[in-house]
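These notes are about the structure you will find just below.
Computed from a prediction, not measured in an experiment: that's the story for all the values here.
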Amino acid sequence: MSVPSDQSAAIIAQYKRLRAEQQALGSKIGELEIEAHEHNLVIQAVEKLDGSRRCYRLVGGVLVERTVAEVLPAVQKNRDGIRDIIKQLREQFIKKGDEVQEFSEKYKIRPASDPTEAQAQNDDDRSEQQAGVLV
């Protein structure tokens with residue numbers, strides 16, 4: 001079945017858009033995992049300290065002086081919120097992956113193969129064509 005070129009261009013554009021959305025979700029998940037790890041490092045460093053000890057926290061670009069007892073629960077709450085968001089984004093990432101897979105199966109789209117694989121395939125085709133030819 002032949003698809004008109006303008007329609008096939010639209011299908012490819014939609015496929016690329018879906019893949020880009022999936023990649024954006026993946027990169028956001030990575031960023032948030034790094035942020036959650038940084039929160040864990042802060043929690044590990046601060047939880048050993050006396051609760052009345054002075055502590056500084058950056059809030060909206062302003063460095064604020066607080067106590068460890070005030071900052072620790074806030075940092076833990078932020079870390080837990082980040083973990084929840086990561087969980088939601090992972091679910092969206094999986095759904096988007098399924099959507100991309102269904103779309104590619106529906107329109108029989110295959111990702112571009114590795115150039116070395118394409119070269120090897122071309123070499124195989126040439127050797128098959130030349131086999132059995134007497135000169």
Side-chain angles (χ1 to χ4, degrees):
M1 181 169 135
S2 179
V3 179
S5 64
D6 59 337
Q7 188 178 7
S8 64
I11 290 169
I12 292 171
Q14 185 174 358
Y15 176 76
K16 287 181 179 180
R17 182 184 53 79
L18 289 172
R19 292 282 301 176
E21 289 173 4
Q22 185 185 27
Q23 290 173 350
L25 285 170
S27 65
K28 188 63 176 177
I29 289 169
E31 290 173 17
L32 290 175
E33 285 176 341
I34 291 170
E35 196 168 325
H37 179 69
E38 289 174 355
H39 277 69
N40 280 332
L41 293 176
V42 170
I43 290 168
Q44 289 173 1
V46 173
E47 67 186 352
K48 301 172 190 171
L49 302 175
D50 180 36
S52 62
R53 185 172 175 170
R54 272 193 283 177
C55 180
Y56 295 92
R57 181 172 180 218
L58 192 63
V59 179
V62 177
L63 197 59
V64 180
E65 181 180 338
R66 304 286 166 130
T67 63
V68 170
E70 294 172 331
V71 170
L72 186 58
V75 173
Q76 289 171 334
K77 182 180 177 185
N78 285 347
R79 181 205 50 202
D80 295 341
I82 292 170
R83 285 180 178 170
D84 291 340
I85 292 170
I86 290 171
K87 183 179 177 182
Q88 292 171 2
L89 287 176
R90 282 188 177 144
E91 291 170 1
Q92 289 177 12
F93 183 82
I94 291 169
K95 288 179 185 176
K96 188 60 71 172
D98 293 343
E99 187 179 343
V100 168
Q101 183 67 29
E102 289 172 12
F103 189 84
S104 63
E105 288 173 1
K106 179 180 178 181
Y107 292 104
K108 298 177 182 164
I109 298 173
R110 290 178 291 150
S113 62
D114 185 21
T116 56
E117 291 177 20
Q119 181 64 33
Q121 182 64 31
N122 287 340
D123 291 343
D124 291 342
D125 291 345
R126 285 188 199 127
S127 65
E128 288 176 8
Q129 291 173 352
Q130 293 175 356
V133 176
L134 298 174
V135 181

Checklist line | Selection residues 72-81 - residue pairs positive for side-chain hydrogen bond (donor to acceptor under 3.5 Å, both in side chains), sequence neighbours left out | finding: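 Sorted pair list: Asn40-Arg79.
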Note to self: So which atom in Ala24 and which in Ser27 form the shortest heavy-atom distance, rounded to 0.1 Å?
What the structure shows: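 For Ala24 versus Ser27, the nearest heavy atoms are O-OG, 2.9 Å.
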Checklist line | Considering all heavy atoms, the nearest Val71-Arg57 contact | finding: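 Minimum heavy-atom separation between Val71 and Arg57: CG1-CD, 4.1 Å.
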Notebook entry, point to check: Side chain of Glu70, backbone of Thr67: donor and acceptor closer than 3.5 Å?
Noted result: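 Flag set: sc Glu70 to bb Thr67 pair under 3.5 Å.
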Atom [atom1] in [X], atom [atom2] in [Y]: separation rounded to 0.5 Å?
| X | Y | atom1 | atom2 | result |
| --- | --- | --- | --- | --- |
| Leu49 | Cys55 | CG | SG | 8.0 Å |
| Leu41 | His39 | CG | NE2 | 11.0 Å |
| Glu99 | Lys106 | CD | NZ | 11.0 Å |
| Phe103 | Arg19 | CZ | CZ | 12.5 Å |
| His37 | Glu33 | NE2 | CD | 11.0 Å |

Notebook entry, point to check: Less than 4.5 Å apart, any side-chain heavy atom of Ile109 and any of Ile11?
Noted result: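 Yes, their side chains come closer than 4.5 Å.
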Checklist line | Pairwise side-chain contact, Leu25 with Glu21, heavy-atom cut-off 4.5 Å (strictly under) | finding: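 No, their side chains stay 4.5 Å or more apart.
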Check: Any side-chain donor-acceptor pair under 3.5 Å between Gln101 and Glu105?
Finding: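 Judged by distance alone, the side chains do pair up.
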Using the rule that two of Ile, Leu, Val, Met, Phe, Trp, Tyr join whenever any of their side-chain heavy atoms come within less than 4.5 Å, decide whether [X] and [Y] are in one cluster.
| X | Y | value |
| --- | --- | --- |
| Leu32 | Phe93 | yes |
| Ile34 | Ile82 | no |
| Leu89 | Ile94 | no |

Check: Which hydrophobic side chains are connected to Leu63, either touching it within the sub-4.5 Å cutoff or through other members that do?
Finding: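 Reading the cluster by chain and number, Leu63 sits alongside Tyr56, Leu58.
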